[in-house]
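Below is one structure; the comments refer to it alone.
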Amino acid sequence: MTRVIAGARKGFKLATLNSPFVRPTSARIKQVIFNVLNPVISGSSALDIFSGSGGLGIEALSRGARSAVFVEYNDKLCAALIANLRKTGFLERSEVIQLQARQALKLLAKRGAQFDLILADPPYEGADAEATLASIAVLDLLKAQGWLALEHSSRKELVNQTGALILRTRKTHGDTAISFYQHE
């Protein structure tokens, strides 16, 4: 069980799946992410990619984001995500897209969607972090001055710039790194 750590829904328990393939973002990593992003959350539009049960996007909503889009492919995780959005009262300010991340990003680009804040927690194994970063840059999903927080393995070094996305800082905690990019 994971919790909302700050904001209007602080302390709410969020349901998730008990599976070795599910890695909810720990409270410590959430704290690192939102310490960096806190100044830009209020009134923002957020996108939570590889959202699982929604911990990062719900945290953003709890801290004052105006709206959030959640992208998750797994049926059971989507059910937990929707239940968590209902429980926290954020369902009306949210959209859940049940597609693979690349398909969802293309769909959002086709709609002309852009976000102030993108939160991405792809699987640590494979090239999902690099592919997600490249897709966000190519599809122009981040608004000017918007922020991307990309969680990845600390053993993986991501590029300093791709397209208009520039690495501003990288924080590491154990096996987890968060690379923060800003749209110039």
Side-chain angles (χ1 to χ4, degrees), residues 1-38 40-105 107-108 111 113-125 128-129 132 136 141-142 146-152 171 173-176 178 180:
M1 184 85 37
T2 182
R3 294 178 186 267
V4 178
I5 62 170
R9 302 297 186 274
K10 180 179 179 179
F12 269 70
K13 292 179 183 175
L14 301 177
T16 190
L17 294 184
N18 187 9
S19 163
F21 303 107
V22 177
R23 182 186 35 79
T25 301
S26 71
R28 174 68 182 122
I29 298 301
K30 280 185 193 179
Q31 185 178 19
V32 170
I33 291 170
F34 289 99
N35 280 348
V36 172
L37 299 178
N38 204 45
V40 297
I41 294 173
S42 183
S44 67
S45 58
L47 171 62
D48 183 353
I49 312 166
F50 304 98
S51 60
S53 56
L56 291 175
I58 290 171
E59 189 72 36
L61 288 165
S62 180
R63 292 171 181 247
R66 180 183 73 252
S67 63
V69 174
F70 296 83
V71 174
E72 177 53 54
Y73 182 68
N74 181 285
D75 288 338
K76 291 178 181 174
L77 284 170
C78 274
L81 168 59
I82 291 167
N84 287 334
L85 289 169
R86 265 195 198 100
K87 180 179 179 179
T88 56
F90 292 139
L91 188 59
E92 290 180 8
R93 293 170 35 199
S94 303
E95 177 184 2
V96 176
I97 299 174
Q98 188 175 356
L99 289 173
Q100 293 282 0
R102 287 185 194 182
Q103 293 173 302
L105 295 177
L107 172 70
L108 290 165
R111 290 184 191 172
Q114 285 192 314
F115 300 90
D116 300 300
L117 182 60
I118 300 178
L119 307 159
D121 184 10
Y124 281 11
E125 302 307 316
D128 286 320
T132 300
I136 291 167
L141 292 169
L142 198 58
W147 284 84
L148 162 64
L150 181 57
E151 193 175 330
H152 57 92
K171 305 284 185 180
H173 184 73
D175 187 44
T176 301
I178 307 100
F180 294 90

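All values derive from a computational prediction rather than experimental measurement.
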Considering non-hydrogen atoms only, spot the tightest contact between [X] and [Y] and give its length.
X      : Y      : result
Leu107 : Leu99  : CD2-CD1, 4.1 Å
Val71  : Ala101 : CG1-CA, 4.0 Å
Ser45  : Asp116 : N-OD2, 2.8 Å

Short side-chain to backbone donor-acceptor contact, [X] and [Y], under 3.5 Å:
X     : Y     : value
Arg93 : Ala65 : yes
Ser44 : Ile41 : yes
Lys30 : Arg3  : yes
Ser53 : Ala15 : yes

*Taking only residues at least two apart or on different chains, which pairs with a member in residues 64-81 satisfy side-chain hydrogen bond (donor to acceptor under 3.5 Å, both in side chains)?*
Asp75-Gln98
*For residues 94-103, pull every pair meeting salt bridge (charged side-chain N to carboxylate O under 4.0 Å, His left out), keeping only residues two or more places apart or in separate chains.*
Glu95-Arg111
*asked:* Which residues pass the salt bridge (Lys or Arg N to Asp or Glu O under 4.0 Å) test with Arg9, not counting sequence neighbours?
replied: none
*Roughly how far, to the nearest 0.5 Å, is the OG1 atom of Thr132 from the CD1 atom of Ile118?*
10.0 Å
*Thr88 OG1 to Leu14 CG distance, which is reported to the nearest 0.5 Å*: 7.0 Å
